[in-house]
Amino acid sequence: MLNVTTFLDANASRLNKPVYHDLKNNIRYNSKEILSIVSYISNVLYDSGVKKGDKVIIYLNNSSEYLFSLLAIWRIGAVAIPTNRIYTINEINYFVEDTNAKLIITDLKQDDLQAPVCILSNLNDHLNEIIVPAESTSWDDLCQLQYTSGTTGKPKGAMLTHGNWFTAIQNECDVQSLRQDDVFLCIYPMAHVGISWAISALRAGSLCIIPEFYDFESYVNINYEYNVTKTTGMPPVIHSLITRSEEVGNKLSTVKSMICGGGPLHHEIWKTFYKKYGISVLNAYGLSETIVVGTGTIIRPEDYAFADKFKSVGHPVCFSQVKIVDVNDANKTLDKYEHGEIALNGPGIAKGYWNSPKKTNEVFLNNGWFLTGDIGYLDDDNRLFITDRKKDMIVMSGWKIYPTEVEETLIKYPKVDEIALFSISDDHRGEIPVAAVVWVDESDEEGLLSFANEYLARYKIPKKIFTIDKLPRVNGWKLLRRELELIFKK
């Protein structure tokens with residue numbers, strides 16, 4: 001048997017300390033109290049007719065109800081479908097239809113939802129419940145369908161198992177060196193696999209804090225007020241910490257390390273951040289299909305003496321393998337420093353995509369390797385460097401242009417605050433590279449192009465510069481290049 005929630009039983013019997021802080025309600029829970037509430041929700045699910053293998057959608061903002069419901073679904077052997085409250089009712093109904101979901105845990109009373117609704121309340125009335133035993137589940141039993149963002153079509157549900165989650169939790173405890181006296185701040189949406197970092201903190205017995213929403217001022221203050229030792233960030237967060245450093249002051253003084261992922265961390269931003277704050281960035285690489293670093297790579301502080309600490313996403317984590325393959329022939333492994341598609345192999349990799357055998361076969365190979373859709377290379381020491389997304393690569397008259405590489409150069413121009421390279425169609429050359437720029441103050445297209453001519457090959461230089469107030473991102477996080485293409489479509 002392997003039910004990933006059994007770590008709750010172990011911690012409840014040996015730890016008598018707070019492990020989760022509900023900021024919204026200013027309540028702290030120890031492991032025994034969490035197990036009790038999870039048992040209460042498990043019984044609610046049983047009473048609603050949910051049984052092992054049934055699908056349950058969670059449609060909430062970050063909250064205690066969200067986190068404890070996720071654990072309860074796993075505990076009874078059901079399958080969680082985490083969704084974000086920014087989704088519309090129509091999008092939720094797509095998940096219902098795609099999975100035949102039995103129930104939706106939400107705080108909405110909506111007649112338009114196409115599955116029964118469960119609204120949880122008064123969780124603190126259930127701190128002394130009789131413990132519900134973990135359902136007997138195996139390594140390969142599904143516990144979650146993690147839907148991708150669907151920026152290029154209908155979302156795909158990655159089939160994650162108890163074994164996948166066990167691997168991810170163990171690896172994330174390891175790479176962060178989490179201890180019981182750590183205070184961990186997780187700003188990722190609970191609908192995202194980034195919540196695995198928080199669950200890892202629960203597993204380690206650290207005190208875990210998860211805000212309902214991210215905003216810069218509260219993020220900085222939480223780190224300070226709660227003496228956070230391990231925190232999370234994303235490239236836009238790190239960028240804000242640099243550009244708004246006067247507001248930050250000494251409020252990160254207790255932070256020892258920061259997890260970063262979800263997109264490329266530009267060299268200059270990472271370098272400036274480290275020099276200013278001295279906080280080690282654990283630059284992680286993974287995907288929804290691998291539960292972040294369930295199977296993936298990470299750079300750790302001990303790597304800093306031996307590698308360029310501002311470019312790599314590091315070595316494979318435990319049990320994982322990485323290689324680079326030809327973008328047109330996955331059977332052809334490339335040599336060191338050759339750019340190609342990143343392939344991963346390890347026990348954190350999903351079983352495939354729900355109800356999508358064709359898409360599954362395209363990227364989940366028979367030999368166990370998973371094609372990530374990302375472009376990168378390995379150095380002599382097997383450190384991984386990300387170049388770009390395969391689908392973001394621009395091909396102009398046969399020339400291959402990687403947006404991240406160009407952005408890494410142009411972000412150094414002092415008048416550029418943020419920049420995104422993308423393509424628009426061109427009758428003669430197929431497509432051409434163009435850039436959307438958020439300026440520090442006044443725009444300076446001429447100066448930026450002059451700078452580009454000095455540091456980039458001619459074919460990589462943006463053919464047009466568009467000024468924009470804010471780059472489009474998912475939850476203020478992942479850059480939406482496709483949206484830029486639609487906004488500035490020729």
Side-chain angles (χ1 to χ4, degrees), residues 18 20-28 62 175-189 194 197-198 201 206-284 298-301 304 309-311 408 411-419 438-442 469-471 473 475-477 479:
Y20 174 65
H21 185 102
D22 179 336
L23 281 175
K24 184 178 181 181
N25 298 300
N26 194 27
I27 299 172
R28 289 190 174 188
N62 278 9
V175 299
Q176 292 195 91
S177 303
L178 283 167
R179 306 187 324 176
Q180 291 180 26
D181 59 355
D182 277 316
V183 180
F184 179 78
L185 173 60
C186 181
I187 61 171
Y188 298 124
W197 296 107
S206 307
L207 176 63
C208 181
I209 303 172
I210 312 172
E212 184 177 13
F213 302 107
Y214 166 81
D215 74 81
F216 181 76
E217 184 178 355
S218 65
Y219 169 77
V220 170
N221 288 332
I222 291 167
N223 277 287
Y224 179 66
E225 291 172 18
Y226 295 94
N227 297 312
V228 169
T229 59
K230 307 286 176 77
T231 195
T232 48
M234 297 171 279
V237 175
I238 294 176
H239 179 263
S240 295
L241 290 170
I242 295 168
T243 56
R244 300 169 65 177
S245 60
E246 288 185 5
E247 299 171 55
V248 179
N250 70 341
K251 291 182 178 179
L252 299 181
S253 59
T254 61
V255 176
K256 299 173 184 175
S257 64
M258 174 185 288
I259 290 290
C260 184
L265 178 57
H266 292 308
H267 173 269
E268 284 300 311
I269 293 173
W270 184 359
K271 180 180 178 181
T272 303
F273 173 80
Y274 184 73
K275 286 189 173 182
K276 184 166 192 60
Y277 295 105
I279 296 171
S280 299
V281 175
L282 304 176
N283 199 15
I298 196 158
I299 194 158
R300 315 183 199 208
Y304 280 15
K309 55 183 170 287
F310 307 121
K311 291 183 180 178
E408 287 274 11
I411 194 70
K412 297 175 185 176
Y413 188 63
K415 295 186 179 180
V416 171
D417 188 35
E418 290 191 276
I419 186 166
V438 179
W439 301 97
V440 172
D441 192 1
E442 295 182 356
D469 292 332
K470 185 179 181 181
L471 294 179
R473 299 182 185 274
N475 295 329
W477 181 6
L479 178 66

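FYI, the numbering just counts along the sequence from 1. Just so we're clear, the structure is a prediction, and the values are computed from it rather than from any experiment.
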N/O donor-acceptor pair under 3.5 Å between H266 side chain and P235 backbone: no
Show the nearest heavy-atom pair for residues I238 and C260, with the distance to one decimal. CD1-SG, 3.8 Å
What do the steps show when you test I187 against M234 for side-chain contact (heavy atoms from CB on, under 4.5 Å), and what is the final call? CA-CA 9 Å; I187 61 171; M234 297 171 279; 3.9 Å; yes
Could you tell me whether the side chain of S206 and the main chain of R179 form a donor-acceptor pair under 3.5 Å? yes
Nearest heavy-atom pair of P211 and L185: which atoms, and what distance? CD-CD1, 3.7 Å
What's the spacing between N221 CG and D215 CG if we round to 0.5 Å? 9.0 Å
Heavy-atom closest pair, residues E247 and V220: O-CG1, 4.3 Å
Would you check if the side chain of T231 reaches a backbone N or O of M258 as a donor-acceptor pair within less than 3.5 Å? no
In this structure, CD of Q176 is separated from OG1 of T229 (nearest 0.5 Å) by 9.0 Å
Any donor-acceptor pair under 3.5 Å from E408 side chain to H267 backbone: yes
Chi angles and distances behind the side-chain contact (heavy atoms from CB on, under 4.5 Å) call for Y219, V248: CA-CA 10 Å; Y219 169 77; V248 179; over 6 Å; no
Would a distance-only check, ignoring hydrogens and angles, find a side-chain to backbone donor-acceptor pair under 3.5 Å from D22 to N25? yes
So side chain to side chain donor-acceptor pair (under 3.5 Å) across residues 271-280, not counting sequence neighbours, yields none
Atom OG1 in T243, atom CZ in F216: separation rounded to 0.5 Å? 7.0 Å
Is Y226 close to L23 at the side-chain level, that is, under 4.5 Å between some pair of heavy atoms? yes
Salt bridge (Lys or Arg N to Asp or Glu O under 4.0 Å) filter on E225, not counting sequence neighbours, yields none
Value for OG (S257) from CZ (R300), rounded to nearest 0.5 Å, stands at 11.5 Å
If you define the side chain from C-beta out and look only at heavy atoms, does anything of I298 sit under 4.5 Å from I259? yes
Tell me, with the steps shown, if V416 and W439 meet side-chain contact (heavy atoms from CB on, under 4.5 Å). CA-CA 5 Å; V416 171; W439 301 97; 4.0 Å; yes
Going from CD on E418 to CD1 on I269, what distance comes out if it is rounded to the nearest 0.5 angstrom? 7.0 Å
Please evaluate residues N62 and K24 with respect to the criterion side-chain contact (heavy atoms from CB on, under 4.5 Å), reporting the C-alpha separation (whole Å), side-chain torsions for both, the decisive distance (0.1 Å), and the verdict. CA-CA 10 Å; N62 278 9; K24 184 178 181 181; over 6 Å; no
Can you measure from CG (N26) to CZ (R28) and round to the nearest 0.5 angstrom? 8.0 Å
Would a distance-only check, ignoring hydrogens and angles, find a side-chain to backbone donor-acceptor pair under 3.5 Å from K230 to D182? no
Mind listing the closest non-hydrogen atom pair of I209 and H21 along with its distance? CG1-CB, 4.0 Å
Does atom CZ (R244) have a neighbourhood of more than 12 heavy atoms from anything else shown, all under 6.0 Å? yes
Close side-chain approach of N283 to F310, heavy-atom, < 4.5 Å: no
The residue among V237, L241, L265 that forms side chain to side chain contact (heavy atoms under 4.5 Å, CB included) with F273 is L241
Just wondering, are more than 12 heavy atoms of other shown residues or ligands nearer than 6.0 Å to OH in Y224? no
Under a 4.5 Å cut-off applied to non-hydrogen side-chain atoms, are K251 and N223 in contact? no
Quick check: does any side chain N or O of T254 sit under 3.5 Å from a backbone N or O of V228, one acting as donor and the other as acceptor? yes
